[in-house]
Amino acid sequence: MSRAVTLASSLSWVAFLVTLPLWMNDLYFLHVLIITGIFIVAAMSLNLLLGYTGQLSLGHVAFFGIGAYVSSLVSLGFEIHVWGETTVSLEPKPVWLAMLVAVMFAGLCGFMIGKISFKVRGAYFVIVSVSFAEVTRLVALNWLELTQGPMALNNIPYLKLGIPGVGQIDFIGKLPNYYLVLGVAILTYVIIRRLVRSRAGRAMIALRENEPLATSVGIDVTRFLVLATVVSAGLAGLAGAVYAHYVRIVDPDVFLFIYTVTMVIMVVTGGKGTLAGPIVGGLIFGILPEVLRGFEVMPEIQWVVYGVLMILIVYFLPEGIVPALRDAWRRWAGRSGTPPARPTVVVEAQP
Amino acid sequence: MTALDTSTAPAAAAAPGAPALVVTGLSIRFGGLTAVEDMTFEVNEGEVLSLIGPNGAGKTSAFNAITGYIQAASGSIVYRGAPLLGLKPNQIAAHGVVRTFQKTSVFNGLPVLDNVLVGLHLRARQHPLAIILGLPGVKRDEARLREAAWDILTLVGLDGRAHETAASLPYGELRLLEVAIALAAEPTLLLLDEPVSGMNPSETGAFMALLGRIRARGVTVLLVEHDMKMVMGVSDRVVCLNQGRIIADGPPAAIQRDPQVIRAYLGERYVRARG
Ligand SMILES: Nc1ncnc2c1ncn2[C@@H]1O[C@H](COP(=O)(O)OP(=O)(O)O)[C@@H](O)[C@H]1O
Ligand SMILES: [Mg+2]
């Protein structure tokens, strides 16, 4: 696909999504899109690890949940007893700051998990990531003083942003949050796209494809796997923070294993290691349950449809939907196209 | 300007002929098996040194130890004054020591051009934050790297294949791509492990010409190869290894006449046949 076609299709997609609430004023459907969008951001972040570096993180929801809890706690403030009479307390902070702290904290957790588990990889990383998610869930469940445990954190403030010239925007309710999620999703997409088309992303892909060869040309395995984990964890944390300030109540169920599984399914069916894969997979598995509900399908049958669809996709399109479509497009376009030769690029003067 | 521009001198600062790689008393063991025993040799700046020997002699093991893929049991490996022992392969590559693999090894799923771009990793100047922020310097660097990648593909004669997936290349071209990836890492010492094995005579001839172009850039080459015509044709010096020990070290003509080498490498039958 030529660059112009790609750009035109991206722009029309964005235009479609931006104008969608103007002609689609079903608030419930908007809610579904917001939640789907948040899951897509999380799935895109997982794709960086699972698709580009080839590391299976089965505890990815931990970073999402950490983002949700940290952002909630920083915006609500807290006071905890650490030792006897010694207490640590934090005054409530603005939500934008809380979200920033959440992203950084999730990224830091990603850094530590990466450092620990990439010494030995493969199955070991799977185990470390799953255990980490379970530990975070247990902390959220049992550290009552900080997290309220199963009683959940309530009345989480919503995001307020003062934009010069526009005034203050309150991200409360469906419409503003729809645009917030859309903005965050585009930001996430752009960051991951920049990464995978750079030296760093090529290093990640090279490690996935052929690690001994990658190291032979100077690629530092640990450095780039940790970088991928940090960015991935930070973006998952961002998704969690957006979620927390949208639904405004967070309980330990945000750490449930099923959410990791959902993200993995979105990435794998859409096409791991492709930019559009998690979006396509996310849209299918985010909106499908609602479509089925619309047809008044019983929940049990819904799950069966869900499962069967996933098996069909993985069986017939093992690489996922996006790579299959891309190959079909190439076959179709390749019949008439001539192979491109060396482009005559004028390299700009070096500073 | 790319580093492979023929008009510019390579990074080599050292005088031609001075020792570049110095291997002293190198021993490699796999459990009870001694693959390499007390191996001592030097590779001089700018020369092509061939390491020959029958299968199982320990040539690949020596390569693996020099490039950090296996740990030596004892000995020392010094390149341009820097000890390499204990370094990781990527750190050794940063010292300018880059190898190819005996078993064909490319990034199968990537286009040929991207294979070379990966090889250019150490030449890229892109900080992770600059990448994420989309700073213009990253874009400029990418354009520069693409230019360098095309130059390398042209050098090895694969520019016509740039957009094909590596896995779809015929065998001979795969072996060229391996060398292109290694060259992209800007080696000052290039280790080639049986680069022409499985090639037909015309492909081998083309490869020898490429080797000439590589050394014309001042790249020092350590070559493991079974094709004697090639070894004798391109080498300044030959080291012969047998059962983990060096049995001869000298210019090609002398090695060809060395009775120990003939016995070990070409077999007793060959010695008898020559009378
Ligand atoms: N990873 C390994 N584990 C055990 N033995 C090995 C390993 N690599 C090589 N060897 C043994 O070491 C000896 C030297 O092998 P190698 O270095 O591959 O020889 P060459 O490259 O000269 O054919 C052989 O006997 C081989 O079986
Ligand atoms: Mg070998």
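Note on naming: letters A, B, ... go to the chains in the order of the sequence lines (proteins, then strands), and numbering restarts at 1 for each one.
The backbone N or O of G109(B) sits less than 3.5 Å from a side-chain atom of E209(A), completing a donor-acceptor pair.
Of the listed residues (V217(A), V221(A), V231(A), I191(A)), the one with the most heavy-atom contacts under 4.5 Å to chain B is V217(A). Put simply, of P187(B), A124(B), A185(B), A162(B), the one with the most heavy-atom pairs under 4.5 Å next to chain A is A124(B). Of the listed residues T67(B), V106(B), L145(B), V97(B), the one with more heavy-atom pairs under 4.5 angstrom with chain A than any other is V106(B). Between chain B and the options L227(A), D220(A), V190(A), heavy-atom pairs under 4.5 Å are most frequent for D220(A).
One distance of note links CG of L213(A) with CD of E178(B); it measures 8.0 Å at 0.5 Å rounding.
Within 6.0 Å of atom CZ in R29(B), more than 12 heavy atoms from other residues, nucleotides or ligands are found, so the atom counts as buried in its surroundings.
Neither the backbone nor the side chain of I192(A) comes within less than 4.5 Å of any heavy atom of chain B. With a threshold of 4.5 angstrom between heavy atoms, R197(A) approaches chain B through N, CA, C or O but not through any side-chain atom. In this structure, no portion of L113(B) lies under 4.5 Å from any heavy atom of chain A. Both the backbone and the side chain of S105(B) come within less than 4.5 Å of a heavy atom in chain A. For A94(B), no part lies near chain A; criterion is any non-hydrogen pair under 4.5 Å.
Side-chain contact between I219(A) and N90(B) is absent, with no heavy atoms from C-beta onward closer than 4.5 Å. Residues N210(A) and N108(B) are not in side-chain contact: their nearest non-hydrogen atoms beyond the backbone lie 4.5 Å or more apart. When side chains are defined from C-beta on, F107(B) does not count as touching R202(A), because their heavy atoms never get closer than 4.5 Å.
What you find for S216(A) and A93(B) is that their closest heavy atoms are O-CB, 3.4 Å. Considering all non-hydrogen atoms of both residues, G218(A) and H121(B) come closest at O-CD2, 3.7 Å. The two residues Y69(B) and P212(A) come nearest to each other via the heavy atoms OH-O, 2.5 Å. Residues V118(B) and A206(A) share a closest heavy-atom pair of CG1-CB, 3.5 Å. The minimum heavy-atom distance linking Q126(B) with R199(A) is given by the pair OE1-N, 2.9 Å.
Identified by a heavy-atom distance below 4.5 Å to chain A, the contributing residues of residues 131-139 of chain B are I131(B), I132(B), L133(B), G134(B), in residue-number order. Against chain B, no residue from residues 96-111 of chain A qualifies, as none has a non-hydrogen atom under 4.5 angstrom away.
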